[in-house]
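Here the structure comes first, spelled out in structure tokens, and everything after it is commentary.
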Amino acid sequence: MAETTDHDNIPQATVVPKKRQRISIVWLVPIIAAVVAIGIAVQRIMSEGPTITIVFKGAEGVEAGKTFIKYKDVNIGQVTAVKLSQDHSKVEVTAKIDKSAAALMVEDAKFWVVEPRVTLSGVSGLGTLLSGNFIGFEVGKSDKEQRRFTGLEVPPIITSGQPGRQFVLKGDDLGSLGIGSPIYYRRIQAGQVIAYDLGSDGKQVDIKIFVNSPYDRYVNSGTRFWNASGIDVSVGAGGLDVRTQSLVAVLAGGLAFDTPPIAVKAEPVAANTVFTLYADQTTAMKQPDTIAAHYVL
């Protein structure tokens with residue numbers, strides 16, 4: 001006879017909850033690396049400035065990764081690419097600008113290549129002989145952002161913020177004057193020629209000049225300007241009279257200005273006032289005939 005089974009003494013099965021699978025430590029390394037990479041990418045995007053394009057007729061000495069853009073001798077960007085334009089007539093320079101200078105990239109900002117230049121009126125850019133050419137920058141006054149610019153072929157003579165005033169002279173011809181030609185006041189260099197162009201009537205030449213401060217305060221409604229280029233020789237009752245301003249004026253041309261004693265009611269003038277350019281000092285300082293009588297013979 002079979003033994004009676006004691007059901008009460010049979011061991012009961014119990015349900016053991018499944019243990020959660022732990023993440024292997026091997027996976028922590030790529031996860032951390034991915035988080036760090038994303039953080040670096042976000043930080044780089046947030047810290048990057050704009051990318052601009054500058055179009056030049058030629059870009060001698062400009063190289064990608066080597067040429068910097070400088071403002072007040074501080075690097076504000078770097079050239080990243082140099083290529084020909086679509087019509088192959090110009091050079092397009094792409095540059096990355098620092099975020100700190102992003103607000104300076106406005107529509108009237110100016111760019112030019114700084115390189116050694118030797119002219120009769122002076123020498124500039126000698127520092128690039130050691131450091132290499134760089135792109136100069138002048139801040140504009142506009143509030144409108146821009147990312148494509150046309151570079152200047154010649155550096156601006158006058159930079160923004162330089163104290164002084166600009167005036168316009170009208171003469172019969174340009175003579176030996178050129179951009180950068182000096183302007184003298186009592187034989188002291190007080191300014192320079194910054195631009196010139198043929199007048200609208202085609203019969204005169206418009207010459208733009210800049211007179212530095214504090215000499216600009218001596219320009220008034222009675223001021224006379226004359227061409228001081230070369231040597232002015234005249235013979236009168238007092239003998240031979242020879243006038244010249246400086247060797248630079250003799251070689252490269254120059255202008256001079258002064259107010260004659262007869263201009264007793266001279267008044268201050270605003271910037272861009274137009275003056276007549278006389279051929280020499282004698283003609284400029286000559287007292288005009290105030291009384292004239294006309295006769296018919």
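The number of heavy atoms from other shown groups lying within 6.0 Å of CG (D172) does not exceed 12. Counting heavy atoms of neighbouring residues, nucleotides and ligands inside a 6.0 Å radius, atom NZ of K170 exceeds 12 of them.
Between L277 and I207, some side-chain heavy-atom pair lies under the 4.5 Å cut-off. Side-chain contact between F111 and L152 is absent, with no heavy-atom pair separated by less than 4.5 Å. You'll find the side chain of D206 stays beyond 4.5 Å of the side chain of L198, heavy atoms only. Within the 4.5 Å cutoff, the side chain of V91 has no heavy atoms near those of the K57 side chain. The closest side-chain heavy-atom distance from I194 to I209 is not below 4.5 Å.
Looking at every heavy atom in both residues, T51 comes nearest to K96 through OG1-NZ, 3.0 Å. In terms of heavy-atom proximity, R224 sits nearest to A284 at NH1-O, 2.5 Å. When every heavy atom of D173 is checked against every heavy atom of G175, the shortest pair comes out as OD1-N, 3.2 Å.
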I would like to know whether T223 and N220 meet side-chain contact (heavy atoms from CB on, under 4.5 Å); could you show each step before the answer?
-> CA-CA 5 Å; T223 299; N220 51 57; 3.3 Å; yes
Let me see the working for V62 and V113 under side-chain contact (heavy atoms from CB on, under 4.5 Å), right down to the final yes or no.
-> CA-CA 8 Å; V62 177; V113 178; 4.1 Å; yes
Determine, stepwise, if the pair L177 / L255 fulfils side-chain contact (heavy atoms from CB on, under 4.5 Å).
-> CA-CA 8 Å; L177 299 174; L255 300 173; 3.5 Å; yes
Please walk me through it: do F257 and V211 pass side-chain contact (heavy atoms from CB on, under 4.5 Å)?
-> CA-CA 10 Å; F257 71 92; V211 180; 4.2 Å; yes
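Applying the side-chain hydrogen bond (donor to acceptor under 3.5 Å, both in side chains) rule to D258 yields no partners; only residues at least two apart in sequence or on another chain are considered. A search for side-chain hydrogen bond (donor to acceptor under 3.5 Å, both in side chains) contacts involving K90 returns nothing, not counting sequence neighbours. In terms of the side chain to side chain contact (heavy atoms under 4.5 Å, CB included) criterion, D197 has no residue partners (sequence neighbours excluded).
Judged by distance alone, with hydrogens and angles left aside, the side-chain atoms of D280 form a donor-acceptor pair with the main-chain N or O of T282 at under 3.5 Å. Put simply, the side chain of S221 gets close to the backbone of E267: a donor and an acceptor are under 3.5 Å apart.
Of the N and O atoms on the side chains of Q162 and N212, at least one donor lies less than 3.5 Å from an acceptor on the other residue.
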For residues 134-150, dump all side-chain donor-acceptor pairs below 3.5 Å to protein atoms at least two apart in sequence or in another chain.
{"unit_1": "E138", "atom_1": "OE2", "unit_2": "S160", "atom_2": "N", "d": "2.7"}
{"unit_1": "S142", "atom_1": "OG", "unit_2": "E107", "atom_2": "OE2", "d": "3.2"}
{"unit_1": "S142", "atom_1": "OG", "unit_2": "K144", "atom_2": "N", "d": "3.0"}
{"unit_1": "E145", "atom_1": "OE1", "unit_2": "R147", "atom_2": "NH2", "d": "3.4"}
{"unit_1": "Q146", "atom_1": "NE2", "unit_2": "R148", "atom_2": "O", "d": "2.5"}
{"unit_1": "R148", "atom_1": "NH2", "unit_2": "E92", "atom_2": "OE2", "d": "2.9"}

Let me check something: any side-chain donor-acceptor pairs from residues 66-76 under 3.5 Å, sequence neighbours excluded? List them with distances.
{"unit_1": "T67", "atom_1": "OG1", "unit_2": "E63", "atom_2": "N", "d": "2.8"}
{"unit_1": "T67", "atom_1": "OG1", "unit_2": "E63", "atom_2": "O", "d": "3.3"}

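You'll find the ring centres of Y218 and Y185 inside the 6.0 Å limit.
The list of ring-ring contact (aromatic ring centres under 6.0 Å, His included) pairs with a residue in residues 191-214, not counting sequence neighbours, is empty.
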